[in-house]
Colleague: 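Have a look at this one.
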Number of protein chains: 2
Amino acid sequence: MRIGEIAALVGVTSRAVRHYHHIGLLPEPARQANGYRAYTVREAVLLARIRRLTEIGLSLDEVRDVLADDAGRELGEVLAELDADLARQEREIQERRQVLAALLEAPLTSDGPLSPALAALLDHAPATTSPAAAKDREHLALLDAAGDGAGAELFAALRPLAENPGVLALYERLDALEGAGADDPRIAPLAAELAAAVPDEVLAVIPEGEPSATGLGRVLLDDYPPAQRAVVRRVMEELAERVRRRGTA
Amino acid sequence: MRIGEIAALVGVTSRAVRHYHHIGLLPEPARQANGYRAYTVREAVLLARIRRLTEIGLSLDEVRDVLADDAGRELGEVLAELDADLARQEREIQERRQVLAALLEAPLTSDGPLSPALAALLDHAPATTSPAAAKDREHLALLDAAGDGAGAELFAALRPLAENPGVLALYERLDALEGAGADDPRIAPLAAELAAAVPDEVLAVIPEGEPSATGLGRVLLDDYPPAQRAVVRRVMEELAERVRRRGTA
DNA sequence: CTTGACCTTGTCGCAGCGTCAACGTTTCTA
DNA sequence: TAGAAACGTTGACGCTGCGACAAGGTCAAG
């Protein structure tokens, strides 16, 4: 038999047969005078075994192990292991499909899929085209993905703020500061009003220490132009002050 | 932020981030004077989106499509497609696990897993250490894997032969011919008795034409030493004769 | 004699990074 | 203050199981 014949007989491609030769899974048969491989029943039987095993789902390495092991016992182990592996994969797929179903249920935001906690928060926030609000949402999405797990509590605590219709005006005032200087007189009053709007529940989940100490806080601040950055910094200072007062009270 | 920081923040490895740069999925940020990449919130938000999407199971190419598409509609399509794909994978895994369960149920032969039809046949054959019988089993396993589908009927038809205790003696006489010449006097009577032992049901599933015409028949014959080959050829001729007689009768 | 269907070896490609290698930078520690 | 540990840089190979191509040689049929 030539390679195409044995391949067709067993139901694999010639390329696969050569591949099995290459990795030493199937011994190379003798050659004809023209250089063609001359296959016998020996190789055909071996190749058929290989195909049956790979069809079940064994890797070529596992097939090699099973074939090398003279005892048929190894096969049982490998199959049991394989079944366990498949069971795990099945669970993973089911979990992912559940996540997918939940995502397809909810309205798709342009920021991609979000955690349920953040999705609930944004769902209750009023629609707006404010760039500052958009930036806020980006920052929240980043916290969401940061995976430190503290996100969910923060999002729940921010719920009253999101439902407060007054924040829209504050966002607009923040937008107005986009090109302003760090010494703009509108900074102080806006920061005061913003800090006042933050509900007490949020204080509990604010990380301690200077925000600029952690890399994330510094980077988030750096994301704003000067005047807006000054506002955000003042708000954070104000909140820190409230935390201290609450601690001593 | 440096690469390690943004990677830890979002929950991927630095290597993955560099990989995303390499394939153009995440834009390269500006560099610091020392050559280090200097990340901002912009990249962090993007990277977080990428991670969420890949976590769901999107390929990097799909992630690129979703991110490139300004409309959030594309995402829905991709997710639906992904869910269909996962459903298909789930079905495949379940099917494979069923096959596995059936295999683990049956006793494991040293020839590896076999089709139910052949397994049933071998299960009813008496235990023997005859080399000729072993060769027969190999040939049957090869037919089993040949996938032409004609195997199952043949195996069913061979059932009476397997259960016939007389075949053991015939196998032993065949074994005795291993080193004999093609003109050995024991060939003719053994062939006659073997052919007589083959049940009529087998005749219906024997492929027509000369066995040496098909590649498989020739190769199977070549697998035997001369005297045994002569026996097998005579048996096949005898069976072909019976087919003809049955056809005209 | 040509055409087409085989065969040969060798190489690249695939997905998504992990893992060296070989080297420069920053930062902590003794 | 020096040295080590822990970062960063680019570049390249490895993994799985072959598919696909290149650039031929071989063989049977028209």
Side-chain angles (χ1 to χ4, degrees), chain A residues 1-26 28-40 43 47 49-67 78 82 85-86 89 92 96 213 215 219, chain B residues 1-26 28-40 43 47 49-67 78 81-82 85-86 89 92 96 213 215:
Chain A
M1 270 187 299
R2 299 188 303 186
I3 195 168
E5 299 179 278
I6 194 179
L9 175 63
V10 176
V12 299
T13 65
S14 307
R15 182 63 181 87
V17 175
R18 279 191 278 258
H19 183 59
Y20 298 155
H21 290 323
H22 190 67
I23 65 175
L25 189 54
L26 184 65
E28 285 261 3
R31 300 287 183 130
Q32 288 175 328
N34 53 18
Y36 290 10
R37 294 177 179 85
Y39 292 90
T40 69
E43 287 86 22
L47 182 57
R49 299 238 293 258
I50 293 172
R51 182 173 115 98
R52 280 193 300 263
L53 291 172
T54 58
E55 238 177 6
I56 293 174
L58 295 194
S59 74
L60 297 185
D61 271 356
E62 289 167 331
V63 170
R64 195 204 320 269
D65 290 347
V66 170
L67 290 185
V78 174
L82 176 64
D85 196 49
L86 286 180
Q89 284 184 39
E92 282 177 9
R96 292 220 313 235
V219 171
Chain B
M1 269 188 301
R2 301 190 302 187
I3 196 169
E5 300 178 279
I6 194 179
L9 175 63
V10 177
V12 300
T13 65
S14 308
R15 182 63 180 86
V17 174
R18 278 192 277 259
H19 184 58
Y20 298 155
H21 290 323
H22 190 67
I23 65 175
L25 188 54
L26 184 65
E28 285 260 4
R31 301 288 183 129
Q32 287 176 327
N34 54 18
Y36 289 11
R37 296 177 178 85
Y39 292 91
T40 68
E43 288 86 22
L47 182 57
R49 299 239 292 260
I50 293 172
R51 184 173 114 101
R52 280 193 299 263
L53 291 172
T54 57
E55 238 178 5
I56 293 174
L58 295 193
S59 74
L60 296 186
D61 273 355
E62 290 167 330
V63 170
R64 195 204 318 271
D65 292 346
V66 170
L67 290 186
V78 175
E81 193 178 329
L82 175 63
D85 196 50
L86 287 181
Q89 283 184 40
E92 283 177 10
R96 291 222 311 237

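Note that the structure is a prediction, hence the values are computed from the model and not measured. Order of the sequence lines sets the chain letters (A, B, ...), proteins ahead of strands, with each chain counted from 1.
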Colleague: Taking the side chain of B/Arg31 as heavy atoms from C-beta outward, which of D/dG25, D/dT10, D/dC7 is closest to it?
Modeller: D/dT10

Colleague: For B/Ile3, report the nucleic acid contact type (base, sugar-phosphate, nothing); a contact means any heavy atom under 4.0 Å.
Modeller: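 Sugar-phosphate contact only.
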
Colleague: Start with the C-alpha distance between A/Ile6 and A/Glu43, add both sets of side-chain angles, then the distance that settles side chain to side chain contact (heavy atoms under 4.5 Å, CB included), and finish with yes or no.
Modeller: CA-CA 9 Å; A/Ile6 194 179; A/Glu43 287 86 22; 4.1 Å; yes

Colleague: Quickly work out the B/Asn34 CG to D/dT9 C1' distance and round it to whole Å.
Modeller: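 From B/Asn34 CG to D/dT9 C1': 10 Å.
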
Colleague: Where each residue is assigned the nucleotide of DNA chain D containing its nearest heavy atom, which of A/Tyr36 and A/Ala16 is assigned the position nearer the 5′ end?
Modeller: A/Ala16

Colleague: Could you state the NE2-P distance from A/His22 to D/dC18, rounded to the nearest angstrom?
Modeller: 14 Å

Colleague: Are any side-chain N or O atoms of B/Arg2 and backbone N or O atoms of B/Tyr36, one a donor and one an acceptor, separated by less than 3.5 Å?
Modeller: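 Side chain of B/Arg2 to backbone of B/Tyr36, a donor-acceptor pair under 3.5 Å: no, none is there.
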
Colleague: Any chance you could lay out the side chain to side chain contact (heavy atoms under 4.5 Å, CB included) test for B/Arg37 and B/Gln32, step after step, and finish with the verdict?
Modeller: CA-CA 6 Å; B/Arg37 296 177 178 85; B/Gln32 287 176 327; over 6 Å; no

Colleague: Contact between B/Leu86 and A/Arg96 at the side-chain level, heavy atoms closer than 4.5 Å - yes or no?
Modeller: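 When only atoms from C-beta onward are counted, A/Arg96 and B/Leu86 do touch, with a gap below 4.5 Å.
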
Colleague: What is the separation between atom CZ on A/Arg2 and atom P on D/dT26, rounded to the nearest whole Å?
Modeller: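 After rounding, the gap between these two atoms is 13 Å.
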
Colleague: Spell out, as yes or no, whether a donor-acceptor pair under 3.5 Å connects the side chain of A/Arg64 to the backbone of A/Ile23.
Modeller: yes

Colleague: Provide, to the nearest angstrom, the distance between the NE2 atom belonging to B/His21 and the C1' atom belonging to D/dG11.
Modeller: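 My rounded result for the distance is 16 Å.
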
Colleague: When you list every nucleotide of DNA chain C with an atom under 4.0 Å from a heavy atom of chain A, which one comes first 5' to 3', and which comes last?
Modeller: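 Reading along DNA chain C, I get C/dC6 to C/dT11.
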
Colleague: Find out whether B/Val17 and B/Tyr39 are in side-chain contact, i.e. whether some heavy atom of one side chain is under 4.5 Å from a heavy atom of the other.
Modeller: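 Yes, side chains in contact.
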
Colleague: Does B/Glu81 have any side chain to side chain contact (heavy atoms under 4.5 Å, CB included) partners at least two apart in sequence or in another chain, and if so, which?
Modeller: none

Colleague: Starting at atom CD of B/Glu28, determine the distance to atom C1' of D/dT10, rounded to an integer number of angstrom.
Modeller: 11 Å

Colleague: For B/Met1 and D/dC7, give me the distance from atom CE to atom C1', rounded to whole Å.
Modeller: 16 Å

Colleague: Where along residues 56-65 of chain B does a heavy atom come under 4.0 Å from DNA chain D, residue by residue in number order?
Modeller: none

Colleague: Any side-chain heavy atom of B/Leu67 within less than 4.5 Å of one from B/Leu53?
Modeller: yes

Colleague: Check the distance between D/dC7's P and B/Arg18's CZ and give it to me in whole angstrom.
Modeller: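 Between P of D/dC7 and CZ of B/Arg18: 12 Å.
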
Colleague: Could you please spell out the steps behind the side chain to side chain contact (heavy atoms under 4.5 Å, CB included) verdict for B/Leu60 and B/His19?
Modeller: CA-CA 10 Å; B/Leu60 296 186; B/His19 184 58; 3.9 Å; yes

Colleague: Classify A/Thr54 by what it touches in the nucleic acid, base, sugar-phosphate, or nothing, heavy-atom distance under 4.0 Å.
Modeller: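 No contact.
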
Colleague: Toward the 5' end of DNA chain C, which comes first, A/Arg15 or A/Gly35, by nearest nucleotide?
Modeller: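 Mapping each residue to its closest nucleotide by heavy atoms, the 5'-most match is A/Gly35.
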
Colleague: Please tell me which of A/Arg37 and B/Val17 maps to the more 5' nucleotide of DNA chain C, matching each residue to the nucleotide holding its nearest heavy atom.
Modeller: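 It is A/Arg37 whose nearest nucleotide is closer to the 5' end.
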
